[in-house]
Structure formats: structure tokens, C-alpha cells
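So you know, we letter chains A, B, ... as the sequences are listed, proteins then strands, and number each from 1.
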Amino acid sequence: MNASSRGLDLDRIVAVLGEASVALEILGENPFKVRAYAGAARALDALDADLDTLIAEKRLTDIKGIGKGLAEKIVDLRRDGADPEIDLLMRRVPSGIFEMLAIPGFGPKKAKAVWEKLGVTTVGELEYACNENRLIELPGFGEKTQEKILVGIRALARYAGRRLRARAADEAARLLAFVESHPSVVRAAVAGSFRRGLETVKDIDLVASSADPTAVMAAFVKADGVEEVIGAGSTKASVRLASGLQADLRVVGDDEFPHTLHHFTGSKAHNIELRSYAKKKGFALNEYALTRGDETIRVADERELYATLGLAYIPPELREGHGEIAVAARGGRPWSDLIAPADITGIFHCHTVASDGKNTLEEMAAACRDRGWAYLGVSDHSRAASYAGGLSIDELARQGEEADRVMERFPGLTIYKGIESDILPDGSLDYPDDVLDKLDFVIASVHSGFVADEKKMTDRIVTAVKNPFTTMLGHLTGRLLLTREGYPVNVPKIIEACAEHRVAIELNANPHRLDLDWRHLRAAVDAGVVIAVNPDAHRIAGLDHVAEGVMAARKGGLAPRHVLNAWAPAAVAQWLKGKR
DNA sequence: GCCGTTTTCGGCCCGACTGTTTTCAGTCG
């Protein structure tokens with residue numbers, strides 16, 4: 001059953017519930033009701049089942065954090081695009097208020113105050129009121145608050161948004177090395193969403209242990225690249241780097257380090273759940289220690305922390321509050337078998353100068369050999385992709401001959417001959433069957449003709465999946481992180497089709513894509529679909545994106561057995577043959 | 001508004017830092 005065209009998609013429903021939670025807070029409603037709305041938004045965001053199915057089967061309340069009341073509202077949002085009670089609620093708060101909350105240090109309570117006492121309802125009006133010196137009159141506000149808000153409004157414009165994890169990696173490594181180099185530091189680590197391997201990050205969190213936190217703090221706020229000190233206490237400091245990124249450092253005693261590292265690795269949802277769980281077991285957990293009554297329980301590392309609570313070790317990548325604690329508590333999968341970069345045995349999906357790549361096939365082959373890989377699947381663009389120099393039938397044949405010559409020069413390296421074939425608007429591929437039949441593999445991808453109609457796009461992709469020559473489905477949603485939403489598709493339906501027709505799904509490892517999203521990977525492998533971690537390399541350096549793809553695969557809970565290009569080379573060859 | 005191996009009421013994670021306050025509220029993670 002599909003929702004009518006007025007209905008909201010899952011992402012929008014998550015956003016509406018989140019805004020409703022903020023509205024409730026601004027209106028001074030019961031804080032636990034506020035939390036319930038926020039919790040429901042989080043739970044839906046983590047959902048990997050099909051929303052329409054859950055609604056049809058009346059199983060929304062099976063989701064932890066969603067009860068009778070919120071289930072009804074979610075049904076309304078999905079079916080009608082609106083819920084009467086939420087509409088009423090949102091009408092009570094001017095929309096500009098929500099934008100003001102992005103100002104650092106400016107939360108719901110302050111928003112309520114400027115709105116009620118000064119009639120300020122937009123960021124622009126707020127800036128004006130600050131310049132007119134009108135905020136300092138308000139109770140709880142003062143000179144410094146007003147100044148901070150002004151600075152914050154300017155920072156909003158300059159530093160808006162998140163950035164790709166891969167883009168923050170160098171800065172994170174540099175800061176970690178700096179902290180570790182301090183003579184009093186015993187242990188240090190990067191924490192936060194970066195450590196959890198999230199595809200985008202807002203800041204860099206660092207945790208260190210030292211007998212002299214004050215000295216570490218003093219050094220940190222003067223580190224290279226620090227442009228502004230946002231806050232600095234005796235154990236915690238926040239700075240703004242020249243790159244616009246924020247970095248936070250927490251320094252504790254070495255006994256406390258595992259707890260602090262765990263706390264600041266998060267996620268918030270994971271921590272909340274773990275603390276509730278600990279409490280039920282008679283423990284109390286905070287960022288410094290695990291206690292039971294008067295007894296403080298010391299642990300050497302995070303493994304011991306989980307073990308003491310009677311849980312399997314949960315790697316950082318899986319700490320998203322997506323049900324991992326329940327699995328660990330049941331004695332479920334221990335996750336010691338998560339895929340690692342060293343498990344990769346070769347790669348598919350690379351481009352060469354024949355279409356829009358920057359290196360020749362021979363150069364790419366040498367680079368794969370240098371990385372210790374056993375095979376390389378070349379897949380330039382197809383002839384419909386004229387914008388990318390797609391290959392004609394003749395050019396494709398010539399590339400096949402070139403591949404044979406290159407293979408002779410690199411003993412031990414297999415080159416699989418393939419193509420990234422455009423999925424045309426009607427779902428067909430853009431070469432005749434006899435051409436496709438000569439190839440070792442075919443990646444089918446949508447590159448043009450994006451439409452906003454979910455059913456049309458889903459049908460188009462499913463048609464391509466049914467094509468007997470399709471080996472893998474490329475970047476399933478077409479999203480570009482921080483740039484462009486993916487086209488609307490019914491992912492569960494496409495996963496089902498791939499399982500039925502034995503088509504692998506690509507996890508495109510380009511940091512801008514990481515598509516299919518890790519949130520869907522578990523459902524895919526549970527359905528029996530094989531995942532291929534593909535670099536989609538357009539130059540030699542692009543091959544190393546496979547590491548980002550492996551991180552995303554870990555977040556999806558994948559083991560080497562789930563990933564085609566982590567299999568032994570002979571098994572990969574066998575699987576490709578089985579497709580033909 | 002949600003939840004339940006103390007279950008239909010009475011709880012709901014916890015602490016640092018800031019700025020405004022003479023004891024704490026608000027924000028953030």
C-alpha cells in the first residue's frame with residue numbers, strides 16, 4: 001500500500017517530529033513529552049524496515065519509543081502529509097524561531113524569552129535587537145550573552161553545516177598527534193561521530209588522559225590552526241579551527257579514560273540506552289566510572305566495560321542506538337568479525353582515460369597490484385553517457401584487447417572486463433545483449449533522467465535488476481552527501497528484486513556518495529544480497545576510497561562473507577561465472 | 001508521551017561550562 005502523493009517520506013516525518021519536539025520545549029511543555037517526540041524521531045531515523053509495511057500491519061508501536069499516540073501521528077503524516085495536533089502545535093511557534101536555535105549557546109529557553117519579551121521571531125530581528133542593546137534587559141541575559149549571540153550569528157553564516165568525514169580525517173590525525181605529543185598525556189584518542197565512522201561530521205572530539213589536565217588544556221588552545229577559543233575549563237576545551245571545524249578536547253585521569261572515551265564516542269542514543277540498561281542491572285554509569293552502590297568498578301578498556309555489564313563488545317561503528325544493545329544483551333552476534341580494509345581482495349568499478357578517468361588501464365592495474373589486490377574490474381561509462389565520454393561498441397571491444405595485453409604484464413592480477421551501463425528511462429541497458437554477453441560483469445547505474453516519482457524510479461531500477469546481464473547495481477539512490485538528495489526510490493523493494501535475481505548491490509565508496517547508505521545494508525544482506533564495496537575510482541588516488549567504503553560497511557555490521565570483493569579471488573571468479 | 005523480570009503508576013541519563021546569578025538555569029554533548 002502506497003501513501004497518497006500528499007504523504008511525507010520518512011526523512012520528512014523524522015524532521016517534523018524533531019521540530020515538534022523543539023516547539024513543545026519552547027512552549028514549556030512537559031520535558032518528558034519533549035523527549036518522547038525527540039526519541040520517536042530518532043527511532044524512525046534508525047528504521048531499516050519499510051514504513052508502509054509497518055503501518056499496514058499496525059506494527060509501528062513495536063518500535064521502541066513509539067507508543068499509541070505517536071504512532072497515530074506518524075500514520076497521519078505518512079498518509080496525509082500532516083497531523084492536526086502537530087499542525088496546531090507548529091502554528092503556535094513562528095517558523096523563524098527554529099532557525100535561531102542553530103546559534104551556538106542559544107537554545108529553546110532563550111528563544112522563548114526573546115520571543116515573548118521582545119517579539120523577536122527571526123535571526124535577522126535577533127541580530128538587530130542585539131545591536132540595539134535590548135537583550136541585556138532580559139532576566140538571565142547579560143552583556144556577554146548578547147555579545148556571544150552576535151558572534152554566533154556571524155559564525156552561522158561562515159561555518160554552516162557539516163562536512164564529509166574524509167575531509168576531516170587529516171585534521172583529526174594532526175590534532176591527535178599534537179595531544180599525544182604532550183609529555184603528560186598517557187592515552188589519547190579521537191572520539192565522537194568521527195570514531196563511529198559516520199559519513200559526515202560536525203566537529204572533532206578528542207579524549208586524553210593525563211595527570212596534569214590543565215597543562216594539556218593550555219597547550220591545546222594554542223595548537224596550530226586554532227583560530228578561536230570557544231570555551232576552556234580545567235578538563236574541557238572547545239576551539240574553532242581555521243578550517244571552520246570545531247574541535248573539543250576532554251582530559252581526565254587515566255583510570256577514567258575508558259569511560260570518558262566511551263561517553264564521548266556516543267552516540268547519544270547509545271549512551272542513554274546503555275545507562276538505562278546499566279541502571280536496570282544495578283549499576284550506575286557516567287563519563288568517569290562504573291559504580292555499583294558504593295563500589296567503583298575499574299575497567300582497563302571499553303571491552304571490559306561492556307563485559308562487566310554482561311554485554312558482547314560493541315564496536316564504535318555500531319553504537320548508534322539501532323538496537324545493538326538488545327542484540328548484545330541476548331548474547332547475539334559478537335561483531336568480532338566486522339570487515340576491515342585488509343580483507344579487501346580486489347576491486348570493481350574503476351574508470352580510465354577511455355571515458356572520464358585520469359589514468360590509463362595499465363596505470364590503474366599497477367596501482368591495484370601495489371595495493372596487494374588480486375583483481376581489478378574495469379568499468380568505464382557506457383555509450384549513453386556522452387557527457388562522460390562513454391564507450392562505443394568498438395571502443396569497448398578495443399578496451400577488452402587492451403585488458404588482455406595489460407594482464408600479460410601483471411602476472412597474478414586478473415582484469416575483469418566490465419562496463420558501468422546507464423539505466424535508460426525505460427529500465428533497459430544501453431548496449432545490445434550480444435555486447436553485454438562478452439563482458440565479465442555489468443554495473444547498472446542511473447546517471448540521468450532523475451524523476452521525482454518514487455514508483456517510476458523504482459520500477460525503472462527493478463527492470464534493470466531483472467536484466468540477466470546485470471551483475472551489480474551502482475550507487476542505488478544517486479545521493480551526493482551535503483549536496484544533493486538521492487532520487488526517491490523504494491529501497492526495500494529494490495533489495496528484494498536484487499535478492500531474487502542474484503544481483504549484487506554496490507556500496508559506492510566515494511566519500512561524497514557512500515551509497516547504498518549503511519542504514520540499509522543489514523536488510524540487504526539479511527535478504528541474501530551480496531554487497532560490493534566499489535571505489536568508483538576516476539584516478540589512482542580514488543582507489544583508496546575503498547577504506548571509506550569499508551568503514552560504511554562496518555557501520556552496516558557487515559563481515560567479509562557479506563562483501564563480494566572480500567572473498568578469496570577464486571570465489572569471486574566463481575560467483576561472476578555463476579551470473580553468466 | 002513512553003515504558004514495564006520492582007508493570008498500568010511513577011519514573012524517565014548525566015555532568016561540564018558559562019553567565020548570570022548569591023545558589024542556579026540554560027546549553028551542550
* Heavy atoms under 4.0 Å is the rule here; annotate nucleotides 3-8 of chain B 5' to 3' with B where the base is hit, S where only the sugar-phosphate is, and - elsewhere. => S-----
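With a cut-off of 3.5 Å on both Watson-Crick or G-U wobble distances, the partner of B/dC12 is given as B/dG1.
Contact annotation for A/N271: no contact, since no heavy-atom pair falls under 4.0 Å across all strands. Counting any heavy atom pair closer than 4.0 Å across all strands shown, A/K268 reaches a base atom. Note on A/L274: nothing from the nucleic acid sits closer than 4.0 angstrom, heavy atoms only. Counting any heavy atom pair closer than 4.0 Å across all strands shown, A/S238 reaches no nucleic acid atom. Here A/P31 lies out of heavy-atom contact (under 4.0 Å) with every strand. Counting any heavy atom pair closer than 4.0 Å across all strands shown, A/I103 reaches sugar-phosphate atoms only and no base atom. Within 4.0 Å (heavy atoms only), A/E85 reaches sugar-phosphate atoms of the nucleic acid but no base atom.
Distance check on atom C1': B/dC28 versus B/dT22 gives 25 Å, rounded to whole Å. If you take atom P in B/dC17 and the same atom in B/dG10, they sit 38 Å apart, rounded to whole Å.
Between A/H270 and A/H262, a ring centre-to-centre spacing shorter than 6.0 Å is recorded.
The aromatic rings of A/Y306 and A/Y313 sit perpendicular to each other, their planes meeting at more than 60°, with 30° as the lower class boundary.
A/E72 places its CD atom 14 Å from the C1' atom of B/dC2, with the value rounded to the nearest Å.
Salt bridge status for A/K493 with A/E496: absent, with no side-chain N to carboxylate O gap under 4.0 Å.
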For nucleotides 18-22 of chain B, tabulate all protein N/O to nucleotide N/O atom pairs closer than 3.5 Å, reporting atom names and distance.
from, atom 1, to, atom 2, distance (Å)
B/dT18, OP1, A/A232, N, 2.9
B/dG19, O3', A/T145, OG1, 3.0
B/dT20, OP1, A/G142, N, 2.6
B/dT20, OP1, A/G142, O, 3.0
B/dT20, OP1, A/E143, N, 3.2
B/dT20, OP1, A/K144, N, 3.4
B/dT20, OP1, A/T145, N, 3.3
B/dT20, OP1, A/T145, OG1, 3.0

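For A/R167, the CZ atom sits in a loose shell: 12 or fewer heavy atoms of surrounding residues, nucleotides or ligands are nearer than 6.0 Å.
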